[in-house]
Amino acid sequence: MDTTPIKPIALLGSTGSIGTQTLDVCDKLQIPVATLSARRNVALAEEQARRFNVRLVAMRDEAAARDLKSRLADTDTRVVSGESGVLEAAQYDCGTVVNAIVGEAGLAATLAVVELGRTLALANKESLVCAGERVMNLARERGATILPVDSEHSAIFQCLQGANGNKIKRIILTASGGAFRGFTREQMQNVTPEDALRHPNWSMGAKVTIDSATMMNKGLELIEAMHLFGVRAEHVKILVHRQSVVHSAVEFADGAVIAQLGTPDMRLPIQYALTYPARLPCPAPELDLAKLGSLTFEEPDLEAFPCLRLAIETAPRGDRFCAVLNRANETAVERFLRREIAFSDICGEVKNELSKLNQEVN
Ligand code: NDP
Ligand code: MG
């Protein structure tokens, strides 16, 4: 076993679902944390800063930063604010940077880390959806390493260990199906944010949970996979797998399919990105296949989940179209959560923005 001490990490989005689970892993493996960033959750940021004795905390929100500064006045922790503060936390001299910010807001940090040629553990899939070509080109140019944290992409990455340069024939990207798996379009007509936030298998932040309910999430992950693994959209097969145990799979030229399995717990992919290439004991529960009994796979219903169809159609059109898809979706999801639009309006809102771009381009 590799016993080299792990360098301190920088953790962006520390107060979120991925952020707190990352700290759980750091706790268990005694990985030091140099910097943290959040938007406005001061109470949790203070608790985390004290627990990990961090050097620097960035709060995106200025008022939150002022509050945190006075709360941490008795410590050596420096508090910075705004977008420049978040970038300072990202660029701090340390080992891996975990980007667990939600949404397009995470792109600037991704670019800053890649620009420095560092190692980025990337949960913020939106970075690759809205600027995948730019991010990957810059990573190649600067010699940066991007390690996936999203469970499906971590699974694909794990399946490729030992591939000995053999090319991917096909990726099988699995989807839980979200809160409305098996629903028809009509049945989703009057669903509320509370219904959509009730994910059957995973406990995650609000945005990604709604994206799972519309299945836009799987479309965003298709685009993420195309960039991370250099494959075309037609080489990614999306399958609904309700147990969320097969986290994804890779098929090679000879038809062999290599999959990664595990309990649905983000701590495993987070940990793998932090300790790669080493594998260490993980707090995630063990997989009990006999107890599970069976695993099922189905084609996704593109009629019931038009967001997925829209993302599949947009995926081959490059950064400019994917960025509009991503931004329009973020706006629509926020509006749905504020009850300004219906669940079934999300797709229409995104479609409208894409049509505007289409007209501009033609
Ligand atoms: P959460 O909403 O739980 O957490 C988001 C984090 O980002 C919080 O720390 C939040 O701070 C911070 N944040 C929000 N807005 C901004 C901003 N404008 N600038 C800087 N920081 C900001 O999200 P998740 O942890 O669920 O998701 C994070 C990313 O990981 C997403 O891209 C998601 O798609 C991806 N992902 C998540 C999974 C999961 O299991 N949760 C699984 C796979 C991928 P504050 O708390 O102060 O608002
Ligand atoms: Mg995922």
Side-chain angles (χ1 to χ4, degrees), residues 11-24 36-49 57-65 67-68 80-90 98-110 112 120-130 148-157 173-178 197 199 201-212 215-225 228 238 241 244 246-248 260 262 264-270 273 284 326 329-330 333-334 337:
L11 173 57
L12 314 174
S14 67
T15 52
S17 159
I18 294 288
T20 50
Q21 293 180 86
T22 302
L23 289 177
D24 192 17
L36 299 173
S37 93
R39 181 178 42 175
R40 63 168 81 98
N41 188 343
V42 178
L44 187 52
E46 180 193 358
E47 187 266 310
Q48 294 176 337
V57 187
M59 297 304 287
R60 181 72 180 76
D61 183 271
E62 302 284 345
D67 185 3
L68 186 64
V80 291
S81 67
E83 170 88 32
S84 64
V86 175
L87 293 183
E88 197 178 335
V98 180
N99 186 352
I101 295 173
V102 62
E104 196 186 348
L107 175 61
T110 291
L120 176 66
L122 187 64
N124 179 258
K125 65 189 85 181
E126 294 90 348
S127 291
L128 290 178
V129 176
C130 62
V149 169
D150 210 348
S151 58
E152 296 77 3
H153 305 75
S154 172
I156 296 161
F157 181 64
L173 187 68
T174 53
S176 66
L197 285 169
H199 195 285
N201 305 357
W202 299 94
S203 158
M204 313 183 283
K207 197 259 176 182
V208 60
T209 307
I210 301 299
D211 284 348
S212 297
M215 288 198 77
M216 177 62 94
N217 184 49
K218 216 42 60 180
L220 302 181
E221 291 186 352
L222 157 67
I223 300 166
E224 185 185 10
L228 283 171
I238 297 171
H241 164 53
S244 295
V246 174
H247 295 308
S248 278
Q260 187 257 326
D265 190 313
M266 285 308 295
R267 289 173 299 182
L268 194 146
I270 292 169
N326 184 68
N329 178 57
E330 278 185 34
V333 168
E334 276 166 25
L337 286 170

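Sequence positions, counted from 1, serve as the residue numbers for this chain. Each ligand, and each atom within it, is numbered from 1 in the order the structure gives.
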* Minimum non-hydrogen distance to atom 7 (O) of ligand 1, winning option of N99, V86, I101, L11 -> I101
* Everything protein-side that's N, O or S and under 2.8 Å from the Mg ion (ligand 2): list it, residue and atom. => D150 OD1, E152 OE1, E221 OE2
* Hey, does the side chain of S81 reach the backbone of M59 with a donor-acceptor pair shorter than 3.5 angstrom? -> no
* So, is G205 polar-close to ligand 1, with some N/O to N/O distance under 3.5 Å? -> yes
* Between N201 and S244, does any side-chain donor sit less than 3.5 Å from a side-chain acceptor? -> yes
* Does S17, backbone or side chain, put an N or O under 3.5 Å from an N or O of ligand 1? -> yes
* To do: Looking only at distances, please establish whether an N/O atom of ligand 1 is found under 3.5 Å from an N/O atom of S37.
  => no
* Asked: Where's the contact between S14 and ligand 1, heavy-atom distance under 4.0 Å: side chain, backbone, both or neither?
  -> backbone
* Heavy atoms only: give me the nearest A65-V80 pair and the separation to one decimal. => CB-O, 4.0 Å
* Closest approach of V102 to N124 (non-hydrogen atoms, all atoms of both residues) -> C-ND2, 3.8 Å
* Give yes if a backbone or side-chain nitrogen or oxygen of G16 is under 3.5 Å from a nitrogen or oxygen of ligand 1, and no if not. => yes
* **ligand 1 contact on M266 by region, counting heavy-atom pairs under 4.0 Å** => side chain
* Below 3.5 angstrom, do we get any N/O pair linking I18 and ligand 1? -> yes
* Structure fact -> The answer for which part of V102 has a heavy atom under 4.0 Å from ligand 1 is both
* Structure fact -> At under 4.0 Å between heavy atoms, what of R39 touches ligand 1? The answer is both
* Structure fact -> Note: E126, heavy atoms under 4.0 Å from ligand 1, region reported as side chain
* Do any nitrogen or oxygen atoms of Q21 lie less than 3.5 angstrom from nitrogen or oxygen atoms of ligand 1? -> no
* Asked: Tell me, which protein residue and heavy-atom name are nearest atom 43 (C) of ligand 1, and how many Å apart are they?
  -> D150 OD1, 3.0 Å
* Asked: Of the options E334, E126, E104, which is the one that meets K207 in a salt bridge (Lys or Arg N to Asp or Glu O under 4.0 Å)?
  -> E126
* Asked: Heavy atom of K207 under 4.0 Å from ligand 1?
  -> no
* Which residue from T22, D211, V42, T15 reaches closest to atom 8 (C) of ligand 1 through any of its heavy atoms? -> T15
